[in-house]
Amino acid sequence: MDLVVRGAALPDGRRGMDIGMRDGRIVAVETRLAATGREEIDAGGMLVSPPFVDAHFHMDATLSLGLPRLNRSGTLLEGIALWGELKPTLTQDAVVTRAMAYCDWAAAQGLLAIRSHVDVCDERLLAVDALLEVRRRVSPYIDLQLVAFPQDGVFRFPRAMELLRAALDRGVDVVGGIPHFERTMAEGARSVRALCELAAERGLRVDMHCDETDDPMSRHVETLAFETQRLGLQGRVVGSHLTSMHSMDNYYVSKLVPLMAEARLGVVANPLINISIQGRHDTYPRRRGMTRVPELVAAGLTVAFGHDCVMDPWYSLGTGDMLEVAQMGVHVAQMTGIEAMEACFDAVTCNAARLLGLEGYGIEPGCNADLVLLEARDKVEAIRTRAARLAVLRRGRVIARAPARHATLAIDGRPRTVDFLHPRG
Ligand code: FE2
């Protein structure tokens with residue numbers, strides 16, 4: 001074996017497992033593996049997970065915070081206006097440099113697959129070319145999937161459909177959309193239809209910003225589910241955000257959710273951004289705005305969480321830590337039962353991988369040898385402590401290490417080391 005990790009806890013609850021790797025793939029997962037590795041890592045009972053996956057991000061805007069000014073209201077619409085001011089001043093070098101810096105943050109934290117939207121409402125398609133270059137450069141360590149995203153509306157922005165098609169021709173992977181930003185409800189529905197038809201024609205997946213609003217009557221997800229069925233795209237379409245579902249009438253939702261399940265629609269919530277941006281027009285009580293995650297999970301839909309933004313016109317914080325995203329998801333969705341918290345870990349790992357259609361993802365013989373050793377004994381402890389990534393492996397090679405998280409306490413002349421694991425562990 002090239003590498004053996006011994007004594008690991010796995011996300012499915014198995015403990016004391018050894019993982020053998022050869023030629024970039026996992027070849028054995030068993031207790032007390034007899035074969036030895038040229039290199040061995042003692043997991044010491046800690047959790048070894050497949051890598052984190054971000055199902056929804058904007059890498060063309062990341063780390064641009066403050067350019068050309070800050071978002072004063074903190075609203076989605078000022079963010080879009082601000083991005084519109086920044087766009088003409090972008091250079092390809094600057095976008096690539098910022099995105100590469102973000103990918104360093106990501107890889108160091110075991111985030112090895114990212115689906116990023118890229119704005120195509122730009123005659124130069126500058127961000128598209130920049131992120132295609134970034135996708136090429138990071139491919140040894142990050143799977144970067146790009147979505148052609150018409151930020152200003154595929155019918156609202158002049159020539160956006162042509163630009164979107166051109167982005168796909170250049171190699172962008174997925175068809176995006178933003179129906180709630182088109183001029184009317186009818187135009188939004190027409191955009192969903194046209195974009196799903198385009199995806200079906202080209203054999204591509206779909207991931208739309210859909211109903212990212214507090215308006216309970218914003219119901220493009222219904223059209224998205226319908227078009228998915230009509231065009232035979234089941235399992236290949238994702239509705240991102242779906243925040244209007246938070247505010248919808250309960251009777252209507254009881255009809256909608258089974259239709260979404262029938263279409264095998266994927267769902268991406270973005271807890272950090274949804275809790276920050278939604279409800280901005282409310283007084284009190286103020287709505288949280290995140291979509292109905294526990295109900296969608298219970299209905300059997302695949303639900304993933306995305307980071308969405310890091311230090312950009314919409315959000316000033318973030319480090320690319322998907323455990324921070326999962327932790328916010330736990331709180332905003334009030335998913336505090338043990339199984340519910342475990343589902344929030346799955347939302348930033350295996351569920352996100354499923355929505356991206358990643359191949360070879362998991363901890364089974366034949367899977368890619370991509371792993372993260374966390375300083376936590378299980379998924380819930382990983383979320384609680386935002387566990388250190390003790391080692392990050394890509395194709396069987398250690399690409400990042402970090403020290404365990406601890407402090408040295410000196411009280412009463414008795415120095416002792418404090419970690420944050422459950423003392424009864
Ligand atoms: Fe987004």
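Order of listing sets the numbers, starting from 1, for every ligand and every atom in it. The chain is numbered in sequence order, starting from 1.
The atom name of the N/O/S atom in D308 closest to the Fe ion (ligand 1) is OD1. Considering just the N/O/S atoms of H58, the one nearest the Fe ion (ligand 1) carries the name NE2.
Taking 2.8 Å as the criterion, H117 does not count as a coordinating residue of the Fe ion (ligand 1), since none of its N, O or S atoms falls below it. Note on C309: not counted as a metal contact of the Fe ion (ligand 1), no N/O/S atom lying under 2.8 Å.
Figure legend: cation-pi geometry between R156 and F181, with NZ or CZ positioned under 6.0 Å from the six-membered ring centre and within 45° of its axis.
E187 places no side-chain N or O within donor-acceptor distance of the main-chain N or O of R183, the cut-off being under 3.5 Å. Side-chain atoms of R115 come within 3.5 Å of backbone N or O of L355 as a donor-acceptor pair.
Using the six-membered ring where Trp is involved, H209 and F149 have ring planes that are parallel, under 30° apart on the 30 and 60° scheme.
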